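A, B, ... follow the sequence lines: proteins, then strands. Residue 1 opens every chain. Please read all numbers here as calculations on a predicted model, not as lab measurements.
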Amino acid sequence: MNPSRRMFLRAGAAGLLLPCLPSLLPRATAAAPAVPRRLVVFVLPNGMPDAVWRPAGTGAGWTTSGVLTALAPVRGDTAVISGLASLPGTGEFDHAESLTDLLRASRQGAVSLDQRIADLHAGDVARRVLQVSGERATPCSEPCTWRRTASWRSADEATPRIVSPRALYQTIAPGGAATSAVLDVARADLARFAARAGTEDRQRLDRYVQGLVDLEARGALAPPASCVAPDDPGVETGSAYTGDAELRTMLTLVGHALACDTTRAVTFLVGNAGSDRPLGFLGLPYGHHALSHTDDPPAHIALGRWAVDLWAHLVTTLSDLTDVDGQRLLDHTDVLFTSDMGDGTRHARERLPVLLAGPLAAGRAGQHVAVPEGTPVSNLFTTLLQAHGVDEDAFGDATGALSL
Amino acid sequence: MASLPRPAVLLLGALAACTGVDTPKDDDVDVDDTDAAETDESDARADTDLPLAPAHRLSARELGHTFSDVLGVDVDPAAWLPEDPHVEGFDHLDAQLVVTSDWLDALHTLAREVAARVDAPPATPPPTTRIELQGEALSWSTGIAHASELVPFDAMWAFDRATTTRVELPAGTTYDAVFWLLGATEAGEPRTVTVRVDGDEVGTVSFAGNERARRSVSVSGLAGGWHDLDLDVTPSDPEAPPLTRDTELAQPPYAGVDELHFVPVAPIAHAAPAAHPPVLVCTGGIPVTDTCADDAVTRLARRVWRRPIDAEDVTPLRAVYDDHRATGGTPTDALREVLVALLVSPSFVYRREWTRADVAPDAYAVAARLSFAVWSSAPDDALLTCAAAGGLGAADAGACGLGAQLDRLLADPRADRLIDDLMLAWLGVHDVDSLWIRAQSHPRWTPELFGDLRAETRGLIAHARAERDDLRDLLTVGTSAGSWRVATLYGVAPASFLADTPLDTAALGRPGLLGQGSVLAASAEGSQPSPVDRAVWVMRTLLCQEPAQPPPNIPPLDASADPRDALAAHVANPPCSTCHETIDPLGAPLDGFDLLGAHVDADPAVTLPTGDEVTSVAAYAAWLRGRPELTSCFTRKVATWVVGRELRGLDAAALTTVRDLSSARGFDLDTIVRTTVESPLFLAPTGAP
């Protein structure tokens with residue numbers, strides 16, 4: 001038995017009832033823009049004290065001897081925005097709650113900023129949102145799951161995380177789609193499996209069938225001409241923490257994922273909220289969480305410079321990759337740096353460290369923009385959504401859009 | 001039906017109004033009976049397509065064990081797949097495990113990774129090294145090319161005077177390293193710390209009085225092997241009594257080194273682990289060629305799909321092989337592509353169960369049930385061979401009989417997963433991250449301490465399994481193999497701790513599981529321990545009882561008051577007191593332990609719901625040990641694990657039989673597993689005989 005895919009899609013294997021398949025329906029009639037606009041949110045959980053972060057002066061002439069000296073390689077592409085604050089916390093489960101609130105700007109179970117952007121591109125890309133993290137975790141239940149994810153597809157459904165360079169590579173590498181021969185095997189096995197299925201089995205298998213249909217649909221998406229195959233990062237080590245080199249590899253792969261149109265929305269977490277990641281390679285004897293509760297400015301500067309250097313690596317990657325129109329990928333990608341906290345010592349959610357690069361920042365690139373203290377960071381999210389074409393007046397707890 | 005013993009009647013009667021389940025009318029094991037009302041209708045449909053035990057998706061944990069055992073690929077699927085939900089602490093109960101598009105997509109990606117790594121040289125494991133403190137071996141591992149060991153807060157007593165640490169660096173290279181020392185001189189006196197490696201001074205750091213600061217000493221060119229790391233603290237007072245937990249917490253006038261970090265900064269090399277037998281080969285281990293490709297495909301499919309393979313299966317699989325060969329792929333790589341197809345197909349993704357009453361389970365389904373129940377993994381060749389021979393019958397007394405194969409599986413080291421995956425998950429002590437979020441504010445919390453606490457619990461259970469001890473005795477056993485960190489937490493003076501001698505936990509007033517820090521932390525639920533949370537943990541985990549939801553319009557706790565005072569006021573409120581007076585005594589005997597299990601002052605006298613009074617943890621543990629509900633609950637937990645689904649009303653009679661037979665046979669872990677496997681729960685679709 002070797003049923004054709006067309007027959008399978010029309011009627012389902014072994015008489016299974018297929019649900020309506022949105023991915024196969026004609027897409028919206030509105031013409032898609034020639035060059036899609038993307039979003040990358042780079043999150044450094046656990047905060048960064050404003051005292052070592054905020055530069056002196058505003059506009060293009062800002063100066064610093066603190067963290068932002070590391071911004072030099074991409075200063076001309078980056079706006080520094082200070083004074084923003086995220087949704088006030090409840091005081092319970094500070095680190096977990098702060099990260100899970102960050103991109104939702106709401107405690108009402110809203111979807112996160114990146115998922116709102118992904119709504120614009122549903123069906124056009126293989127993955128709505130890539131959530132990439134530099135830190136693994138053992139299975140756990142709420143609220144501990146909150147400290148690992150900033151991206152939420154719904155009130156209680158976190159966006160799956162990719163936590164190793166190898167997994168990210170396998171996810172985005174061209175040629176990684178399921179072949180028709182592989183799908184034929186699954187369908188033939190499904191037909192035999194379903195022949196002995198009871199009612200409940202068939203309900204479960206319907207979801208499997210939908211998964212196969214989506215696998216096939218993803219395989220049918222041809223990568224654009226701008227897609228350049230990334231280098232294979234090699235086999236993972238199974239480490240709980242992704243080291244500096246692997247984090248940079250993952251950031252490079254994020255660039256390739258955008259260039260290959262695997263996704264148009266990425267959330268990148270340096271690690272978990274409350275992370276105990278060893279930072280010996282920075283000469284620091286403790287993890288970021290322990291540091292965040294320590295008054296040790298040189299250590300904060302060392303960690304902050306490392307994070308900003310990672311940001312610079314991302315921005316440089318996006319600057320070096322060419323988009324389908326021959327321009328820099330960065331020119332069509334809004335890139336946001338933020339944290340779930342400012343000063344972690346007291347779990348403060350104001351004075352967030354924020355950087356912005358890409359088209360929305362173009363008019364302020366190279367400048368330090370000081371907004372009124374305590375302005376909701378969701379105002380900036382609202383501006384981003386509007387820039388991407390979302391009809392949104394105030395995202396989450398926003399009081400409006402932020403004028404840049 | 002036999003009647004319940006009187007204490008059980010009293011307890012169940014007292015709890016009935018405050019739990020979400022009804023009091024059993026007889027001594028059946030209590031299970032969710034929501035399907036009982038449907039029995040008549042279900043029976044009426046039984047000869048058509050009654051959903052008896054539907055296809056069961058493998059969990060990430062089961063996938064990981066299967067990849068390792070069957071294909072020789074060590075990969076953590078939890079890092080690649082959306083998280084599996086947990087029910088009753090378990091991740092493999094069937095109703096929760098569905099295939100979503102995201103999941104199947106991630107599985108396809110993972111399948112490509114697994115296929116790429118089959119028969120490949122094993123990956124270099126994470127760097128490891130060893131360290132000894134005060135003569136006891138410590139260990140740690142980290143995946144990056146740096147390693148550090150934090151000598152934790154609870155060892156600070158060691159560093160107000162000279163101390164020696166030994167560290168072993170793997171041979172094969174030389175190392176640069178940094179010592180980080182956190183000096184604490186709150187006493188106002190300056191201290192100087194001299195660091196020596198193998199007797200040679202490598203640096204000195206000084207801390208002024210009333211300082212708390214980090215200083216570092218670098219050392220380079222350390223060869224592989226053991227090194228003595230000596231720290232001399234001057235001036236020191238060797239006559240001063242060692243610091244204890246009580247004096248630490250009292251903020252003593254202390255001067256010394258609070259933490260020591262030793263950070264090797266050179267990469268650490270390791271020998272590769274033993275190789276798995278080749279997978280992508282034809283019969284006899286012959287490298288795959290086009291000539292024997294059908295044979296290779298069939299062999300591989302049989303192992304991965306856990307069922308016999310016929311020509312109808314081989315045709316599309318061979319097409320995958322041929323397609324890949326046609327694009328220039330090697331025969332081995334073509335077989336890797338076949339493996340991808342196998343791994344995303346239903347016969348791998350799902351465990352075939354008893355899907356219809358009119359379709360009898362075959363021996364292959366029994367083989368899979370058995371191996372996943374004991375190993376959390378797919379059947380090995382021996383089990384599949386028995387299935388092919390029509391074996392695995394309950395009445396078969398031969399080598400392929402169900403009993404003989406179960407004995408073989410239980411004797412295999414893979415059965416230790418019953419300790420790590422079943423028992424620790426049941427107790428909730430495997431969940432480091434969940435605990436972390438609650439314990440972070442505890443002054444003694446370190447990852448190393450919790451690792452030791454978990455190891456203490458694991459050791460207790462492993463010992464009980466090895467000795468075939470009654471599982472209920474885990475509550476009352478009077479010793480444990482706690483480390484020096486654990487001993488310090490429990491209040492043992494450093495001078496009294498002997499690494500080779502078990503802790504006398506009975507003498508410490510903390511016998512059995514209820515006295516162990518891991519369990520006390522897991523049962524605390526919130527970031528502050530409360531008798532309510534611990535009572536709920538006891539009810540759910542040890543008695544399988546679900547507290548009733550609070551009535552509506554309960555006023556919130558007074559956030560401005562001390563938490564204990566606020567709780568006391570809440571409990572005194574008449575709408576609340578009815579249930580709390582019944583529930584809270586089950587947690588109150590543990591009030592003498594803080595979040596991590598360190599002793600705190602509390603009145604040990606508690607009147608239990610049965611009217612019994614207990615005045616110690618030992619007495620409370622003995623009381624619980626004797627509860628018939630506890631025996632039923634332990635049976636239910638193990639049986640649920642073995643069967644892999646939540647048990648229902650239809651299972652009650654069979655579960656009761658398992659309980660009674662297990663009790664008669666000794667009630668050790670392996671016996672409960674064995675009795676469950678021999679029962680209708682395992683052998684018949686619904687548990688009904």
Side-chain angles (χ1 to χ4, degrees), chain A residues 1-2 93 95-96 136-141 143-145 147 158 160 162-164 166-167 170-171 176 178-179 181-182 184-186 188-190 192-193 196-201 204-205 207-208 210-212 214-215 218 235-241 243 274 276 278 280-281 283 285 289 296, chain B residues 49-52 54-55 74 76 78-80 82-84 86 91 98-106 108-109 112-113 117 123-124 126 142-146 148 178 180 214 261 263 265 312 315-317 319-320 323 337 340-341 344-347 355-356 359 431-434 436-437 440 447:
Chain A
M1 180 178 174
N2 190 3
F93 306 127
H95 286 279
R136 298 183 185 185
T138 53
C140 66
S141 52
C144 118
T145 49
R147 68 185 187 91
I162 296 176
V163 294
S164 81
R166 180 70 175 183
Q170 290 282 30
T171 300
T179 66
V182 165
D184 284 343
V185 168
D189 181 47
L190 174 66
R192 301 191 74 171
F193 197 93
R196 294 168 30 129
T199 303
E200 197 170 345
D201 273 342
R204 293 183 182 197
L205 291 176
R207 300 193 68 168
Y208 175 87
Q210 181 63 59
L212 274 189
D214 289 344
L215 263 186
R218 285 168 177 148
V235 172
E236 62 183 21
T237 62
S239 156
Y241 305 102
D276 289 319
F281 62 95
H289 173 246
D296 189 348
Chain B
D49 59 356
L50 175 67
L52 299 171
D74 289 323
D76 178 14
W80 294 67
E83 285 188 38
D84 289 331
H86 287 60
D91 63 4
V98 296
V99 172
T100 64
S101 286
D102 280 343
W103 191 91
L104 190 60
D105 184 40
H108 174 254
T109 303
R112 291 172 48 235
E113 172 72 6
R117 289 168 57 178
T124 302
T142 175
I144 56 177
H146 312 271
S148 68
V178 180
W180 284 90
R214 295 182 191 277
H261 306 258
V263 187
V265 294
E312 189 176 331
T315 300
L317 289 167
V320 173
D323 276 8
E337 189 71 2
V340 172
V344 298
S345 295
S347 286
T355 56
R356 291 195 340 215
V359 180
D431 193 349
V432 180
D433 277 16
S434 281
W436 184 97
I437 200 71
Q440 56 184 307

Q) If you tally heavy-atom pairs under 4.5 Å against chain A, which of B:Val320, B:Leu317, B:Asp105 wins? A) B:Asp105
Q.
I'd like to know if the side chain of A:Arg204 reaches the main chain of B:Val99, judged simply by a donor and an acceptor atom lying under 3.5 Å from each other, with no hydrogens or angles considered.
A. no
**Q.** Sidechain-backbone polar pair: A:Arg207 side chain, B:Val98 backbone, donor-acceptor under 3.5 Å
**A.** no
Q | B:Asp323: partners by side chain to side chain donor-acceptor pair (under 3.5 Å), with sequence neighbours left out | A | none
(Q) With chain A as the partner, which of B:Pro346, B:Ala106, B:Ser345, B:Ala341 has the greatest number of non-hydrogen pairs under 4.5 Å? (A) B:Pro346
Q.
Under a 4.5 Å cutoff for heavy-atom pairs, which residue among B:Val344, B:Asp102, B:Val340 has the most contacts with chain A?
A. B:Asp102
Q. Looking at residues at least two apart in the chain, or sitting in another chain, which of them share a side chain to side chain donor-acceptor pair (under 3.5 Å) with B:Ser101?
A. A:Asp214
